[in-house]
Trainee: 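Just dropping this structure here.
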Amino acid sequence: MAYWLMKSEPDVYPWDKLVKDGKGNWDGVRNYQAANNLKAMKSGDKAFFYHSNIGIEIVGIMEVTKEAHLDPTDEKKRFVMVSVKPVKALKKTVTLKQIKEDAVLKHMALVKQSRLSVSPVTEKEWKRVLELAAWPD
DNA sequence: GCCAACGTTGGC
DNA sequence: GCCAACGTTGGC
């Protein structure tokens, strides 16, 4: 199983909305590198939900429920989306500041390629974020 | 509001 | 196919 990090601006699509909806489609990606990451996702993969611009922190965990399929919001039919469902909110959010200050996390793709909206997370990084988030107990 | 980083576009 | 100009993202 692989791990990922996906960004959303909370004034466009916040974590709370995904929780309220119970599921969602991760559409609107218009960047080939991000799209390639979407295509690499398997059903059951886990992903962090990251709030960009406002908050600038990891707030929750999602699970991929459907692998990459055509994004209906893309008129040119070039890009794909995945379907996700919320798993659990982090007990404590993990801010970008914390990530940059952490010896393990400062090497995350999130830090190195700040504009990439869908990025891979290593197992080591995943576990470290959960430690900082104080979850699971 | 600014700016660095990076992606895209278009002229040649 | 190169690269300058321009647009967008995202952190501060």
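To find a chain, count down the sequence lines: A is the first, B the second, and so on, and within it residues start at 1.
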Trainee: From CD1 of Ile54(A) over to P of dT9(C), roughly how many Å is that when rounded to an integer?
Mentor: 14 Å
Trainee: Provide, to the nearest angstrom, the distance between the NZ atom belonging to Lys7(A) and the C1' atom belonging to dA5(B).
Mentor: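 Those two atoms, NZ and C1', are 11 Å apart.
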Trainee: Think Lys112(A) has a side-chain N or O under 4.0 angstrom from the OP1 or OP2 of dG10(C)?
Mentor: no
Trainee: Is there a path of hydrophobic side-chain contacts, each under 4.5 Å between heavy atoms of I, L, V, M, F, W or Y residues, that connects Phe49(A) with Val29(A)?
Mentor: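 Both belong to a single hydrophobic cluster.
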Trainee: So, applying side-chain hydrogen bond (donor to acceptor under 3.5 Å, both in side chains) with Asp71(A), which one of Arg78(A), Lys77(A), Arg30(A) is it?
Mentor: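 Testing Asp71(A) for a side-chain hydrogen bond (donor to acceptor under 3.5 Å, both in side chains) against Arg78(A), Lys77(A), Arg30(A) leaves exactly one candidate, Arg30(A).
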Trainee: Starting from P on dG10(C), measure out to CG on Leu5(A) and report it in whole angstrom.
Mentor: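 Going from CG in Leu5(A) over to P in dG10(C) covers 11 Å.
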Trainee: Rounded off to whole Å, could you give me the NE2-to-P distance for the His51(A) and dT9(C) pair?
Mentor: 17 Å
Trainee: Find the distance Asn53(A):CG to dC12(C):C1' and express it as a whole number of Å.
Mentor: 11 Å
Trainee: Tell me the salt bridge (Lys or Arg N to Asp or Glu O under 4.0 Å) pairs involving residues 52-66 of chain A, sequence neighbours left out?
Mentor: Lys46(A)-Glu63(A)
Trainee: If the cut-off is 4.0 Å, is Tyr50(A) near the phosphate of dT9(C), judged by side-chain N/O to OP1 or OP2?
Mentor: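 So the side chain of Tyr50(A) is outside the cut-off, no N or O lying under 4.0 Å from OP1 or OP2 of dT9(C).
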Trainee: Salt bridge or not between Glu131(A) and Arg128(A)? Use side-chain N to carboxylate O under 4.0 Å.
Mentor: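 Counted as a salt bridge, because a side-chain N and a carboxylate O are separated by less than 4.0 Å.
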Trainee: Calculate the interatomic distance between Gln33(A) atom CD and dC6(B) atom C1'; express it in whole Å.
Mentor: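 Gln33(A) atom CD is separated from dC6(B) atom C1' by 10 Å.
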Trainee: Give the rounded distance in Å between these two atoms: CG of Leu110(A) and P of dG10(C).
Mentor: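 Taking atom P of dG10(C) as the reference, CG of Leu110(A) is at 10 Å.
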Trainee: Between dC6(B), dG11(C), dG7(B), which nucleotide has the shortest distance from any of its atoms to the side chain of Arg115(A)?
Mentor: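 Of dC6(B), dG11(C), dG7(B), dC6(B) is nearest to the side chain of Arg115(A).
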Trainee: Measure NZ/Lys100(A) against P/dG11(C) and give the value in whole Å, please.
Mentor: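 From Lys100(A) NZ to dG11(C) P: 8 Å.
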